[in-house]
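As C-alpha cells, the structure follows; a few thoughts come after it.
Residue numbers start from 1 in every chain, and the chains themselves are labelled A, B, ... in the order their sequence lines are given, proteins ahead of strands.
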Amino acid sequence: MTTRVRFAPSPTGYLHIGSARTALFNYLYARHVGGKFLLRIEDTDIARSTEESTRSILDGLAWLELEHDEEIVFQSDNADKHRSAARKLLAEGKAYRDFTPKAEPTDQNVKEGIAERARANQGVKNMRDNPYRDLSANESDARAAAGEPFAIRLKVAEHGRTAFDDAVYGIQEREYADTEDLVLLRSDGHPLYNLAVVCDDIEMQITHVIRGQDHLTNTHKQILIYEALGVTPPTFAHLPLIMAPNKGKLSKRKHGEVVSMTTYRDAGFLAAAFRNFLALLGWSAGEEQEIYSLEELIQKFSLEGIHRSNAVFNFHESDPRKWTDDKAIWMNAEYIRTMPLEDLLPFVKPELKTAKLWREEYDDDERGWFERTIDLIRQRFFTLKDFSAQGRAYFSEDYDFDAAAVEKNLVKFPDLRSWLPELADRFEAEFEKQRYTEENIETVVKSFTEEKGTKLGVIMNGARTLLTGVAVGPSMLAVFETIGLEKTIMRLKSQVAWNAVA
RNA sequence: GACCGGUUCGUCUAGGGGUUAGGACACCGCCCUUUCACGGCGGCAACACGGGUUCAAAUCCCGUACCGGUUACCA
C-alpha cells in the first residue's frame, strides 16, 4: 500500500513555526518512502477560519517548497459525509442523541473553565452518566421528530481500553473510563473535529498521521471512532512541541511575528536554511552533521529519529540581533556564504529589486562585476536583507553612514578630512598610468600612508567608512577595486559624512 | 484535580549498561588582519533529585520534583 500522509492545518492564522515543522516532517516522510504528501484545510470552525489565513498558510508552504500531491481537500466540503457517518453510528446504536441543552459559554477563559469543571467533578464524574445514553430508540426518534435539538455522542463502552502504538511515543493505552462519550455532531448539525478528522483521513486513505503531540490524547478518541466505523486506524506518529524560551506555549498572541513563517521569508531567510533548521528541531539523524540539503533530509529522515521531548525555540525578545533563534540565523548565514553563487543570485536579485537597487546591466554587461561583488560581500551577511542594507553602497550612491563607524574611523582622526581627498587625487594621478588592481592599489595606499606617517589601518578604515558607510566588510583592497576608480575618487572627496558630524 | 507524556551544557542535540559524556549555536580568549559579524585554534558549560537492580547506571526499574499536553456541542 502506498504511504499517504497529510498536513492538516486549520486556517485561523498564518503558518506557525510548529505547523511548518509538522508539514516538513510529513513531507520528508512521504518523500522518503516514496509516498504522497497531501494537504487538507480544516476549515470547519466557521467563526475563526478565514480565506486570508488559508492563503497565508499556502504561501508559507510554497516558500518552504513543500509541494503537496493531489488536490487540496477543504474539510468543510465534506460536512455532509461527516454527518452521514454520525447518522450511521446512530442507526447502528454506536452513538446516541443527547438532548441536554447546549451549555451557554462562560465568559471566562475556555481552558480555565474546562480545567475548573474537571477539578470540581473530581472523583464523582462518571463518563457514562448521560441520561440519554440509554434512551430507547423509539423515544429518541420521537423526540428528534418533534424537533427537539440534540447532539450526537459516541457511545463509549463501559469497560476496556484503547491502545495504539505511536511511532514516536510507543505504546499508548487509556481506559475507556477516562474518555467521555464525545460529541460527534453538534446540535446545529455541525460535525466536530474528531469525527471530521477520522472521516477525512479514511476518505483520503491516510496511512500515517504525523502531527503535534497536543493530539496524543485525542488519538484515543479517534481510535474509538475508527473502531465504531469498522476501519483499521492508520499509524500515528506524534511530534514533540516547539516551546517558547520559558518553556511555555509559543503563541501568536504572546510572541508575535517570530512564530510566523512569513516573517522569515520577509526577513531575508532562505527557505533551504530555515527548512534545515526546522528539521533539526525535534529530529536528528544521530550523527554530527548539521547542514543538510533537502535531498539529504529526505534520504535520512525517519520516524525513529524523532524525539519525545519538547524543543525550545530560543529567541531573545529584548535583543534585536537575536530576535529569533541563534541557530536559525547562523544557519541562514552559513547558507548565504557557502551555497553555490549561482544558486544565491536568484535570491539576491529580487531583494535588490525591492530595494530599487537593481540594474538590468547586472544581468548583462555587468554580470561579471555583479557576481564578484556578491561573492565578496556575502561572507559577512546573515540574511538576504543585508545585500540591500549593509551592501547598499555597492549598488547606489545613496547610502547612509553608520554613526558608530564614522565616530570610530573618521572623527577620531581629523587629519583624514584632508588626507582622504588627497588620496583621491593620488588615485586619480596614479591610475591614469597603471591599472586599478588590488596589487597596485596596495602599493599606492601604502606609500601614501608612509608619507603621512600614519598607520595603514587609519587610512584603510577611514576609506572604508567613506566608501561603504559601515565599519565592517571584506578586505579594503577588494572594496576599492569593486567600487571602481571613479566612484572611489568621488566618495573619498565627498564631505557628506564629515558634514553630518560637524 | 484526573489521565497521558517528557527531563543530557544557556539553546538544539549525540550517546540506550563500562565514553576524559561527543558535536552545533551562543558566549569568552588567542591567532589571522587595514576593520569585521569571515576563517583557524582553544576555553567555559550538562546527565533534575532520591532509592533500587548490577562488578559497573546518563543508559534498566520505582518514587519524588519540575515542565508540557489533554480533559469543549474549539481545532
Whether the [X] and [Y] side chains hold a donor-acceptor pair (N or O, under 3.5 Å, no angle test) is what I'd like checked.
X        : Y        : answer
A/Asn276 : A/Tyr335 : yes
A/Gln222 : A/Asn194 : yes
A/Ser10  : A/Tyr193 : no
A/His82  : A/Thr44  : no

[atom1] spacing across the pair [N] / [M], given as an integer number of angstrom:
N      : M      : atom1 : answer
B/rC12 : B/rU7  : P     : 12 Å
B/rG51 : B/rA58 : P     : 13 Å
B/rC47 : B/rU19 : C1'   : 13 Å
B/rA26 : B/rA37 : C1'   : 13 Å
B/rG18 : B/rC4  : C1'   : 35 Å
B/rA21 : B/rA14 : C1'   : 10 Å
B/rU53 : B/rG17 : C1'   : 11 Å
B/rA48 : B/rC55 : C1'   : 27 Å

Could you tell me the separation between the [atom1] atom of [X] and the [atom2] atom of [N], rounded to a whole number of Å?
X        : N      : atom1 : atom2 : result
A/Ile291 : B/rA24 : CD1   : P     : 12 Å
A/Lys221 : B/rC74 : NZ    : P     : 12 Å
A/Phe313 : B/rA26 : CZ    : C1'   : 15 Å
A/Ile223 : B/rU70 : CD1   : P     : 18 Å
A/Leu216 : B/rA2  : CG    : P     : 19 Å

Identify which nucleotide among [options] has an atom closest to any side-chain atom of [X], counting heavy atoms from C-beta outward.
X        : options                : result
A/Asp214 : B/rU70, B/rU34, B/rC4  : B/rU70
A/Thr217 : B/rA75, B/rU70, B/rU71 : B/rU70
A/Met460 : B/rU34, B/rC73, B/rG5  : B/rU34
A/Asp325 : B/rU11, B/rU70, B/rG5  : B/rU11
A/Val312 : B/rC73, B/rU11, B/rC4  : B/rU11
A/Asp178 : B/rA2, B/rC12, B/rC73  : B/rA2
A/Asp45  : B/rC74, B/rC3, B/rU13  : B/rC74
A/Lys327 : B/rA24, B/rA75, B/rC73 : B/rA24
A/Tyr169 : B/rG69, B/rU71, B/rG6  : B/rG6
A/Val472 : B/rC73, B/rA75, B/rA37 : B/rA37

Quick test of your reading of the model: are [X] and [Y] salt-bridged, counting only N-O distances below 4.0 Å?
X        : Y        : value
A/Glu148 : A/Arg143 : yes
A/Lys327 : A/Asp325 : no
A/Asp400 : A/Arg392 : no

Please give the nucleotide sitting opposite [N] as a Watson-Crick or G-U wobble pair, both distances under 3.5 Å, or none.
N      : answer
B/rA14 : none
B/rC3  : B/rG69
B/rC9  : none
B/rG39 : B/rC31
B/rA26 : none
B/rU53 : none

N/O contacts under 3.5 Å, protein versus nucleotides 64-67 of chain B?
none

Check this for me: does the side-chain of [X] come within 3.5 Å of the base of [N] through a donor and an acceptor?
X        : N      : result
A/Ser187 : B/rC73 : yes
A/Ser475 : B/rU34 : yes
A/Asn194 : B/rA75 : no

Item to check | Comparing A/Asn310 and A/Pro474 on RNA chain B - which has the more 5′ nearest nucleotide | outcome: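 Residue closer to the 5' terminus by nearest nucleotide: A/Pro474.
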Item to check | Contact nearer the 5' end of RNA chain B, comparing A/Ala8 with A/Leu477 | outcome: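 Result: A/Leu477.
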Please tabulate, one pair per line, each protein N/O and nucleotide N/O from nucleotides 38-49 of chain B that are separated by under 3.5 Å, including the distance.
residue: B/rC38; atom: O2'; partner: A/Gln379; partner atom: OE1; Å: 3.4

I want to check something: taking the side chain as every heavy atom from C-beta on, are [X] and [Y] in contact at a cut-off of under 4.5 Å?
X        : Y        : answer
A/Lys300 : A/Glu287 : yes
A/Thr468 : A/Tyr394 : yes
A/Lys247 : A/Val312 : yes

Strictly below 4.0 Å: does [X] bring a side-chain N or O up to OP1 or OP2 of [N]?
X        : N      : value
A/His238 : B/rG68 : no
A/Thr44  : B/rA75 : yes
A/Arg186 : B/rC74 : yes

Measure from the side-chain N and O atoms of [X] to the backbone N and O of [Y], and report whether any donor-acceptor pair falls under 3.5 Å.
X        : Y        : result
A/Arg308 : A/Val168 : yes
A/Ser56  : A/Glu52  : no
A/Asp386 : A/Phe382 : yes

Checklist entry - Once the angle between the rings of A/His255 and A/Phe315 is folded into 0 to 90°, is it parallel (under 30°), tilted (30 to 60°) or perpendicular (over 60°)? => result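 Taking A/Phe315 first and then A/His255, their aromatic rings stand perpendicular (interplane angle over 60°).
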Item to check | Partner of A/Asp181 under salt bridge (charged side-chain N to carboxylate O under 4.0 Å, His left out), chosen from A/Arg97, A/Arg133, A/Lys94 | outcome: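 Only one of A/Arg97, A/Arg133, A/Lys94 forms a salt bridge (charged side-chain N to carboxylate O under 4.0 Å, His left out) with A/Asp181, namely A/Arg133.
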Between the protein and nucleotides 14-20 of chain B, are there any N/O to N/O pairs under 3.5 Å, and if so, what are the atom names and distances?
residue: B/rA14; atom: OP1; partner: A/His307; partner atom: NE2; Å: 3.0

